[in-house]
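Some notes on the structure that comes next.
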Amino acid sequence: AQQGRVREKVYGKQKIYFADQEQLPAASDAELRGLDGEIAARSAQLQALQQSCRHMEAELKDLNSSMTTPEMAKEIEALTRDCASYVEKLERIKAATNHVTPEEKEKVCREQQLYRREWRRRKRMATELLDAILEGYPKSKKQFFEEVGIETDEDHGVALPATS
């Protein structure tokens with residue numbers, strides 16, 4: 001700094017040293033334009049390289065997420081086995097002689113609906129009768145059921161089948 005090669009600036013307790021730019025040769029306008037052109041060319045080159053890098057990273061991600069040839073062969077083999085088992089099951093079903101006709105199916109559905117309706121009707125009647133008895137009964141409903149020996153659907157985990 002004493003020889004004049006470097007300049008010194010003092011900010012409180014800190015000192016900053018930097019090159020004295022007055023000793024450097026001044027660049028002409030032509031040199032500055034040339035440097036600006038070089039900066040622009042390098043920036044364009046950098047953009048192209050970054051774009052290429054992003055493209056290659058995306059391609060690498062796609063390749064890493066896809067199956068390899070051995071994995072694909074195993075997958076094809078597993079799917080072929082599944083397909084063969086389904087074809088065999090289909091043949092067994094087609095060969096079966098105990099098919100249910102639509103008329104039989106409709107008859108069974110009607111019977112189930114009738115029985116379900118009757119179940120509801122009888123359960124409602126029993127519930128109404130028991131409620132009438134319990135109005136004048138001094139003990140709880142649970143105690144009454146135990147004394148009389150009544151078992152409910154709920155005690156056995158039975159529920160009415162859903163309406164189809």
Side-chain angles (χ1 to χ4, degrees), residues 1-121 123-124 127 141-142 151-164:
Q2 291 174 352
Q3 293 174 359
R5 293 182 185 164
V6 204
R7 295 187 98 187
E8 173 186 12
K9 282 203 175 187
V10 178
Y11 293 104
K13 294 181 181 180
Q14 296 178 343
K15 293 182 181 181
I16 298 176
Y17 295 94
F18 54 93
D20 187 11
Q21 294 185 4
E22 291 177 8
Q23 294 178 2
L24 298 174
S28 67
D29 288 340
E31 286 176 325
L32 289 176
R33 282 191 295 274
L35 289 174
D36 286 342
E38 189 176 335
I39 289 172
R42 300 272 173 142
S43 295
Q45 185 181 9
L46 174 65
Q47 290 287 335
L49 288 173
Q50 285 176 335
Q51 179 66 23
S52 174
C53 183
R54 282 192 294 269
H55 177 69
M56 287 181 186
E57 285 175 347
E59 188 176 343
L60 177 63
K61 184 179 175 186
D62 287 345
L63 289 174
N64 282 338
S65 65
S66 64
M67 294 179 131
T68 63
T69 303
E71 289 173 340
M72 189 65 73
K74 287 179 184 177
E75 184 72 18
I76 290 172
E77 186 179 319
L79 290 173
T80 304
R81 280 195 309 271
D82 289 348
C83 186
S85 69
Y86 291 140
V87 167
E88 181 182 324
K89 186 176 180 180
L90 179 62
E91 291 301 321
R92 281 196 316 261
I93 291 172
K94 284 182 178 179
T97 58
N98 59 351
H99 293 292
V100 176
T101 64
E103 295 82 21
E104 291 173 331
K105 181 180 175 187
E106 182 63 33
K107 180 183 173 193
V108 168
C109 287
R110 277 195 313 269
E111 286 178 2
Q112 184 202 25
Q113 194 174 12
L114 174 73
Y115 296 142
R116 191 174 46 242
R117 210 174 19 243
E118 190 65 23
W119 184 354
R120 278 198 186 107
R121 189 177 68 82
K123 183 172 182 170
R124 186 176 53 247
T127 303
K141 182 178 183 177
K142 186 176 180 181
E151 297 177 351
T152 63
D153 293 338
E154 292 77 19
D155 291 341
H156 293 283
V158 177
L160 282 169
T163 307
S164 52

Nearest 0.5 Å, please: how far is NZ in Lys9 from CD1 in Ile16?
8.5 Å

Is there side-chain contact between Leu114 and Arg110, with at least one heavy-atom pair below 4.5 Å?
no

Is the shortest heavy-atom distance from the side chain of Lys107 to the side chain of Glu111 under 4.5 Å?
yes

Taking only Lys NZ, Arg NE, NH1 and NH2, and the carboxylate oxygens of Asp or Glu, determine whether Glu154 and Lys123 approach each other closer than 4.0 Å.
yes

What pairs with His55 under side chain to side chain donor-acceptor pair (under 3.5 Å), at least two apart in sequence or on another chain?
none

Taking atom CZ of Phe18 as the centre, report whether more than 12 heavy atoms of other residues, nucleotides or ligands fall under 6.0 Å from it.
yes

Please name all residues satisfying salt bridge (Lys or Arg N to Asp or Glu O under 4.0 Å) with Lys15, sequence neighbours left out, ordered by chain then number.
Glu8

So, Thr152 and Asp155: side-chain donor and acceptor under 3.5 Å apart, yes or no?
yes

Between Arg120 and the options Glu118, Arg116, Arg117, the side chain to side chain contact (heavy atoms under 4.5 Å, CB included) test singles out Arg116

Can any side-chain N or O of Glu104 pair as donor or acceptor with the backbone N or O of Thr101 at less than 3.5 Å?
yes

Output a table of donor-acceptor pairs, distance under 3.5 Å, between side-chain atoms of residues 44-52 and any protein atom two or more places apart or on a different chain; print 'none' if there are none.
from: Gln51; atom 1: OE1; to: Arg54; atom 2: NH2; distance (Å): 3.0

Which donor-acceptor pairs under 3.5 Å do side chains of residues 24-43 form with protein atoms, sequence neighbours excluded?
from: Ser28; atom 1: OG; to: Glu31; atom 2: N; distance (Å): 3.3
from: Glu31; atom 1: OE1; to: Ser28; atom 2: N; distance (Å): 3.0
from: Ser43; atom 1: OG; to: Ile39; atom 2: O; distance (Å): 2.9

Contacts of Glu88 that satisfy salt bridge (Lys or Arg N to Asp or Glu O under 4.0 Å) - sequence neighbours left out
Arg92

In a table with atom names and distances, give each donor-acceptor pair under 3.5 Å that connects a side chain of residues 59-77 to protein atoms at least two apart or in another chain.
from: Asn64; atom 1: ND2; to: Leu60; atom 2: O; distance (Å): 3.4
from: Ser65; atom 1: OG; to: Lys61; atom 2: O; distance (Å): 3.2
from: Ser65; atom 1: OG; to: Asp62; atom 2: O; distance (Å): 3.0
from: Ser66; atom 1: OG; to: Leu63; atom 2: O; distance (Å): 2.9
from: Thr68; atom 1: OG1; to: Glu71; atom 2: N; distance (Å): 3.4
from: Thr68; atom 1: OG1; to: Glu71; atom 2: OE1; distance (Å): 3.4
from: Glu71; atom 1: OE1; to: Thr68; atom 2: N; distance (Å): 3.0
from: Glu77; atom 1: OE2; to: Arg81; atom 2: NH1; distance (Å): 3.1

